[in-house]
Amino acid sequence: MTGNTIPKLGLGTYGRTGDEGIAALLKAIEIGYRHLDTAQSYGTEQSVGQAMRRSGLERGDFFVTTKVADTRLDKAQFLPSVRASLDMIGVDQVDLLLIHWPSYRDAVPFEDYMLALVEAQQKGYARLIGVSNYPIALLDKAVDLVGKDALVTNQVEIHPYLQAPKLAAHARKIGLPLTAYQPLAKGEIADDPILKRIAKKHGVTVAAVALAFLMAEGHIVIPASSSEGNLRANFAAGTISLEEAEMAEIRTLDRGYRRINPEKSPGWDD
Ligand SMILES: NC(=O)c1ccc[n+]([C@@H]2O[C@H](COP(=O)([O-])OP(=O)(O)OC[C@H]3O[C@@H](n4cnc5c(N)ncnc54)[C@H](OP(=O)(O)O)[C@@H]3O)[C@@H](O)[C@H]2O)c1
């Protein structure tokens with residue numbers, strides 16, 4: 001895929017390892033998913049590459065993202081780790097390369113790994129670059145360092161129960177799309193009465209409503225699933241159009257409920 005646009009609906013691959021993982025990836029590709037999200041730390045780079053090749057589609061049909069682990073941000077490891085990712089996936093270049101987490105307590109200086117990210121792009125290892133788990137302060141620091149147009153996304157936890165209004169407003173202001181990870185809050189939104197009512201009205205699943213909502217808010221979404229039914233239902237979110245009143249109602253579900261908050265987390269805004 002070419003251009004600076006990230007396909008709005010992608011596939012998360014966390015946990016999709018081994019033969020079962022490849023089977024889920026192949027099913028997803030058959031359904032129509034082309035944007036595949038992996039990371040050095042997921043153990044799925046190899047499955048992603050295998051599924052791409054076994055699908056019979058062309059390399060250019062896919063949009064592949066991987067992420068440099070926070071244990072490999074230092075100068076000695078950064079670029080070799082990206083080359084190892086390319087080998088693992090079996091491609092010459094990824095479409096998007098992200099810093100997975102900022103370095104905890106600046107163990108690696110910020111400038112070192114942000115400039116290494118730019119260098120990875122200059123060397124042709126990545127077509128596009130971006131960040132993940134960056135709060136506003138680090139986003140601003142990154143933009144000051146590498147320029148406003150260098151980065152194409154910040155991948156962060158966002159779902160109906162964590163809408164990250166401060167970060168989202170800032171990202172909108174600087175023109176940087178957010179990619180919503182765990183957009184289904186790992187299935188925890190499934191019993192939400194408001195989402196259920198809206199889903200029933202549209203004749204779709206609760207998950208599809210959540211994804212349609214997030215995309216209408218301007219976010220890219222990367223739900224994961226191994227079940228054919230869920231993969232199909234999630235993919236169908238791309239065709240759902242919510243009314244403004246429904247959007248407003250879903251906005252009220254935000255409760256700052258963060259699922260992923262390891263000790264290495266930066267200070268969050270929301
Ligand atoms: N940058 C980061 O730090 C970061 C952190 C976390 C995640 N991520 C990325 O974001 C992706 C998505 O996050 P995630 O996989 O943790 O969580 P998620 O996509 O929110 O949820 C996945 C879970 O929800 C279930 N599910 C999927 N579709 C469903 C549906 N239609 N109805 C009911 N349940 C459904 C899946 O089970 P079934 O398999 O049974 O369908 C799976 O257990 C990851 O795979 C990864 O690529 C990035």
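For ligands, and for the atoms within them, numbers begin at 1 and follow the listed sequence. Since we're looking at a predicted model, the values are computed, not measured. Along the sequence shown, the residues carry numbers beginning at 1.
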Student: Give me the nearest non-hydrogen protein atom to atom 35 (C) of ligand 1 as residue plus atom name, then the distance to 0.1 Å.
Tutor: N230 ND2, 3.5 Å
Student: For Q163 and D270, which I'm curious about, is there any donor-acceptor pair between the side chains at under 3.5 Å?
Tutor: no
Student: Under 4.0 Å from any heavy atom of G187, which atoms of ligand 1 are there?
Tutor: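 Near G187, meaning under 4.0 Å from one of its heavy atoms, ligand 1 has 24 (O).
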Student: Taking only heavy atoms of P183, which atoms of ligand 1 are found under 4.0 Å from at least one of them?
Tutor: 19 (O), 20 (O)
Student: Are the side chains of I158 and Y181 in contact, using a 4.5 Å heavy-atom criterion?
Tutor: no
Student: Distance under 4.0 Å to a non-hydrogen atom of N133: what atoms of ligand 1 satisfy this?
Tutor: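 Near N133, the atoms of ligand 1 are 1 (N), 2 (C), 3 (O).
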Student: Is K264 atom NZ crowded by more than 12 heavy atoms from other residues, nucleotides or ligands, each under 6.0 Å away?
Tutor: yes
Student: Answer whether the closest heavy-atom distance between the side chains of F213 and M247 falls below 4.5 Å.
Tutor: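 Contact flag for F213/M247 side chains = yes.
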Student: Check the side chains of T17 and T44 for a donor-acceptor pair under 3.5 angstrom, ignoring hydrogens and angles.
Tutor: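 On atom types as modelled, these side chains do not qualify, holding no pair under 3.5 Å.
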Student: If you measure from atom 12 (C) of ligand 1 to every heavy atom of L211, I260, I222, which option wins on shortest distance?
Tutor: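 Of the listed residues, I222 has the closest heavy atom.
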Student: Please report which non-hydrogen protein atom sits nearest to atom 16 (O) of ligand 1, along with the residue it belongs to and the distance in Å to one decimal place.
Tutor: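 Ranked first by proximity to atom 16 (O) of ligand 1 is Q182 NE2, 2.7 Å.
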Student: For atom 31 (N) of ligand 1, what's the nearest protein heavy-atom neighbour? Residue, atom name and distance, please.
Tutor: N234 OD1, 2.9 Å
Student: Just to confirm my output: which protein heavy-atom neighbour is closest to atom 39 (O) of ligand 1, and how far is it?
Tutor: S226 N, 2.9 Å
Student: Closest non-hydrogen protein atom to atom 21 (O) of ligand 1, residue and atom name please, with distance?
Tutor: K186 CA, 3.3 Å
Student: Of all the non-hydrogen atoms in the protein, which one sits nearest to atom 19 (O) of ligand 1, and at what distance?
Tutor: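 Sorting protein heavy atoms by distance from atom 19 (O) of ligand 1 puts A224 N, 3.0 Å first.
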Student: Using a 3.5 Å distance criterion without hydrogens, assess whether the side chain of D254 forms a donor-acceptor pair with backbone atoms of G256.
Tutor: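 Here the side-chain-to-backbone pair exists.
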Student: Only heavy atoms of H100, strictly under 4.0 Å: list the atoms of ligand 1 that pass.
Tutor: 1 (N), 2 (C), 3 (O)
Student: Once you measure the plane-to-plane angle for F235 and Y33, does it fall in the parallel (<30°), tilted (30-60°) or perpendicular (>60°) bin?
Tutor: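 F235 and Y33: tilted rings.
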Student: Which residue holds the protein heavy atom closest to atom 47 (O) of ligand 1, what is that atom called, and what is the gap in Å?
Tutor: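 Of every protein heavy atom, D37 OD2, 2.7 Å lies nearest to atom 47 (O) of ligand 1.
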Student: Is a donor on one side and an acceptor on the other found under 3.5 Å between the side chain of R259 and the backbone of K186?
Tutor: no
Student: Would you kindly specify which portion of S225 sits under 4.0 Å from ligand 1, judged on non-hydrogen atoms: side chain, backbone, both or neither?
Tutor: both
Student: Please list, in number order, the atoms of ligand 1 under 4.0 Å from a heavy atom of R16.
Tutor: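 Going through ligand 1 atom by atom, the ones under 4.0 Å from R16 are 39 (O), 42 (C).
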Student: Who's the nearest protein heavy-atom neighbour of atom 45 (O) of ligand 1, and how far?
Tutor: Y14 N, 2.9 Å
Student: Using a 4.0 Å heavy-atom threshold (strictly under), name the region of A185 that reaches ligand 1: side chain, backbone, both or neither.
Tutor: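 Looking at A185 and ligand 1, just backbone atoms fall under 4.0 Å.
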Student: As an exercise, identify every atom of ligand 1 less than 4.0 angstrom from a heavy atom of P223.
Tutor: 19 (O)
Student: Indicate yes or no: does E228 engage R232 in a salt bridge with an N to O separation below 4.0 Å.
Tutor: yes
Student: For K67, is there an ion pair with E45 - N to carboxylate O distance below 4.0 angstrom?
Tutor: no
Student: Classify the ring geometry of H100 against Y42: parallel below 30°, tilted from 30° to 60°, perpendicular beyond 60°.
Tutor: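 Perpendicular, since the angle between the ring planes exceeds 60°.
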Student: Which option out of F235, Y42, W101, Y181 puts a heavy atom nearest to atom 46 (C) of ligand 1?
Tutor: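 Heavy atom nearest to atom 46 (C) of ligand 1 belongs to Y42.
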Student: Go through ligand 1 atom by atom and flag the ones less than 4.0 Å from a non-hydrogen atom of T13.
Tutor: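 Once the distances to T13 are compared, the set is 45 (O), 47 (O).
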Student: Report yes or no: is the cationic atom of R34 (NZ for Lys, CZ for Arg) closer than 6.0 Å to the six-membered ring centre of F63, at no more than 45° off its axis?
Tutor: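 Verdict for F63: no cation-pi partner in R34.
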Student: Take atom 37 (O) of ligand 1 and look for protein heavy atoms under 4.0 Å from it; say yes if you find one, no if not.
Tutor: no
Student: Below 4.0 Å from any atom of ligand 1, is there a heavy atom belonging to T205?
Tutor: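 Judged by the 4.0 Å heavy-atom criterion, T205 does not count as contacting ligand 1.
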Student: May I ask you to say whether D95 pairs ionically with R59, meaning some side-chain N is under 4.0 Å from a carboxylate O?
Tutor: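 Result for this pair is yes, salt bridge flagged.
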